[in-house]
Amino acid sequence: WRSAAVLGIFIYLGFVMQTIGPSLTTASKTGFITGLAVVFTPMLSPYILKKNPEWYSWLGVGIAVIGLGLLSLNGWQLPSIGDMYVLACALCFGFQIVLLEKYSPRLNGMLLSMAQFIWIGLLALATSAPKLGQIKDFTTSTWLIVLYLGVMATAVCFLVQTIAQRYVPAVRAAIIMQTEPIVGVLFAWLLLGEALSFK
C-alpha cells in the first residue's frame with residue numbers, strides 16, 4: 001500500500017498537470033515536453049536506484065528526444081506557463097517510471113496496479129468532489145469516452161507497464177514508451193489521412 005501510494009501520487013499529479021498544461025500551450029509543445037520524461041528517467045535513476053545508466057541508454061534517450069522534437073516541434077517559442085505545467089507532468093512520470101523499477105520486482109504486479117488505481121481514484125475524488133454534480137449532464141457518448149479512457153488508456157496501460165517493469169529497466173522502459181508519438185503519427189496517416197512531411 002505504501003509503494004502504491006507513492007506511485008499513485010506521482011501518476012495523479014502527472015495527470016493533473018497533463019490536464020491543465022495543454023489548455024495553456026500548443027498541442028505540439030505538449031507532446032514534446034511530455035516526452036521529456038525519457039530525459040528525467042536517467043537523471044533520477046542514480047538518486048533513487050543508486051545506479052548510473054549505461055552510455056548507450058543516454059544515446060537512446062538522445063535519439064528519442066531528437067525524434068520527438070522532429071515529430072512535435074515547429075520552430076522555437078519561449079516557454080509559457082502551460083509549458084511549465086507539462087514539464088512538471090513529465091517530471092512526475094519520470095519519477096513514476098524510476099520508482100516502478102524499484103518497487104515492481106518485489107511486488108505482485110496485478111496487486112500493485114490495483115492499489116495504485118485505488119490511491120489515484122481517492123485523490124481524484126477528493127479533488128473533483130465540488131464539481132461531481134456535472135456528471136448528471138454527461139451524454140452516453142461522454143460516458144463511453146470516459147469508460148474507454150479509464151479502462152484501455154489508463155488501467156490496461158499501467159497494468160502492462162507495472163508487470164513489464166519487473167523485467168525491463170526504467171530507462172529502457174522510458175525509451176520504449178517514446179514510441180507512442182510514432183504510433184500516433186502512423187495512425188493519423190492510416191486512419192485520418194494526415195499527410196506526412198519529409199521531417
Side-chain angles (χ1 to χ4, degrees), residues 1-25 27 29-45 47-49 61 64 68 82-132 135 145-181 183-184:
W1 283 106
R2 283 194 301 269
S3 300
V6 173
L7 290 166
I9 287 168
F10 280 112
I11 295 170
Y12 166 77
L13 289 173
F15 282 162
V16 169
M17 300 300 162
Q18 197 173 43
T19 302
I20 296 170
S23 65
L24 302 169
T25 187
K29 285 171 75 179
T30 297
F32 176 75
I33 297 168
T34 303
L36 292 180
V38 75
V39 176
F40 288 127
T41 303
M43 291 171 64
L44 294 168
S45 288
Y47 303 102
I48 296 172
L49 302 174
V61 165
L68 199 58
D83 297 338
M84 296 300 104
Y85 275 111
V86 180
L87 189 63
C89 160
L91 180 60
C92 288
F93 287 134
F95 269 106
Q96 184 261 342
I97 293 167
V98 175
L99 287 167
L100 201 52
E101 180 178 336
K102 180 178 180 177
Y103 298 141
S104 64
R106 59 185 175 82
L107 298 169
N108 179 293
M110 183 70 77
L111 294 177
L112 182 58
S113 289
M114 296 307 291
Q116 283 179 94
F117 299 142
I118 290 169
W119 283 113
I120 296 165
L122 291 172
L123 289 166
L125 184 61
T127 306
S128 63
K131 299 192 178 203
L132 276 181
I135 63 172
I145 292 168
V146 169
L147 184 64
Y148 173 79
L149 291 173
V151 174
M152 297 305 296
T154 306
V156 171
C157 292
F158 281 104
L159 173 63
V160 170
Q161 181 194 2
T162 301
I163 293 171
Q165 277 200 242
R166 292 176 65 100
Y167 315 102
V168 179
V171 176
R172 192 178 306 167
I175 292 170
I176 292 168
M177 285 189 264
Q178 290 314 300
T179 60
E180 181 182 354
V183 174

What are the two closest non-hydrogen atoms of [X] and [Y], and how far apart are they?
X      : Y      : answer
Asp83  : Thr25  : OD1-OG1, 2.5 Å
Ala90  : Thr34  : CB-O, 3.7 Å
Val39  : Met43  : O-CG, 3.3 Å
Leu99  : Ile48  : CD2-CG2, 3.8 Å
Ala153 : Cys157 : O-SG, 3.8 Å

(message) So, using side chain to side chain contact (heavy atoms under 4.5 Å, CB included) as the criterion, who are the partners of Leu111 when residues are at least two apart?
(response) Asn108

(request) Would you mind reporting whether Ile118 and Trp1 have side-chain heavy atoms less than 4.5 Å apart? (result) yes

(message) When you compare the side chain of Leu159 with that of Met110, does any pair of heavy atoms fall below 4.5 Å?
(response) yes

(request) Kindly check if the number of other-residue, nucleotide or ligand heavy atoms within 6.0 Å of OH (Tyr85) is above 12? (result) no

(request) Evaluate the side-chain contact (heavy atoms from CB on, under 4.5 Å) criterion for residues Leu125 and Leu132: first the C-alpha distance (whole Å), next the side-chain angles of each, then the deciding distance (0.1 Å), finally the verdict. (result) CA-CA 9 Å; Leu125 184 61; Leu132 276 181; 3.7 Å; yes

(message) Suppose we screen for side-chain hydrogen bond (donor to acceptor under 3.5 Å, both in side chains). Which residues come up paired with Tyr103, at least two apart in sequence or across chains?
(response) none

(request) Output all residues satisfying side-chain hydrogen bond (donor to acceptor under 3.5 Å, both in side chains) with Ser128, sequence neighbours left out; order by chain, then residue number. (result) none

Return the [atom1] to [atom2] distance between [X] and [Y], rounded to the nearest 0.5 Å.
X      : Y      : atom1 : atom2 : answer
Ile33  : Leu91  : CD1   : CG    : 13.0 Å
Cys92  : Leu7   : SG    : CG    : 12.0 Å
Phe93  : Phe40  : CZ    : CZ    : 13.0 Å
Glu101 : Leu49  : CD    : CG    : 4.5 Å
Lys102 : Ser45  : NZ    : OG    : 12.0 Å
Leu112 : Leu100 : CG    : CG    : 6.5 Å

Counting only pairs under 3.5 Å, give me each side-chain donor-acceptor contact of residues 160-171, with atom names and distances, residues two or more places apart or in other chains.
from: Gln161; atom 1: OE1; to: Gln96; atom 2: NE2; distance (Å): 3.4
from: Gln161; atom 1: NE2; to: Gln96; atom 2: OE1; distance (Å): 3.4
from: Gln161; atom 1: NE2; to: Gln165; atom 2: OE1; distance (Å): 2.9
from: Thr162; atom 1: OG1; to: Ser113; atom 2: OG; distance (Å): 3.3
from: Thr162; atom 1: OG1; to: Gln116; atom 2: NE2; distance (Å): 3.3
from: Thr162; atom 1: OG1; to: Phe158; atom 2: O; distance (Å): 2.7
from: Gln165; atom 1: NE2; to: Ile97; atom 2: O; distance (Å): 3.0
from: Arg166; atom 1: NH1; to: Ser104; atom 2: O; distance (Å): 3.2
from: Arg166; atom 1: NH1; to: Leu107; atom 2: O; distance (Å): 2.5

Which donor-acceptor pairs under 3.5 Å do side chains of residues 8-20 form with protein atoms, sequence neighbours excluded?
from: Tyr12; atom 1: OH; to: Thr127; atom 2: OG1; distance (Å): 2.1
from: Thr19; atom 1: OG1; to: Phe15; atom 2: O; distance (Å): 2.7

(request) Say whether, by atom type as modelled, one donor and one acceptor occur between the side chain of Trp119 and the main chain of Arg2 under 3.5 angstrom. (result) no

(message) I'd like to check the ring pair (Phe, Tyr, Trp, His ring centres under 6.0 Å) partners of Phe117; sequence neighbours left out, ordered by chain and number.
(response) none

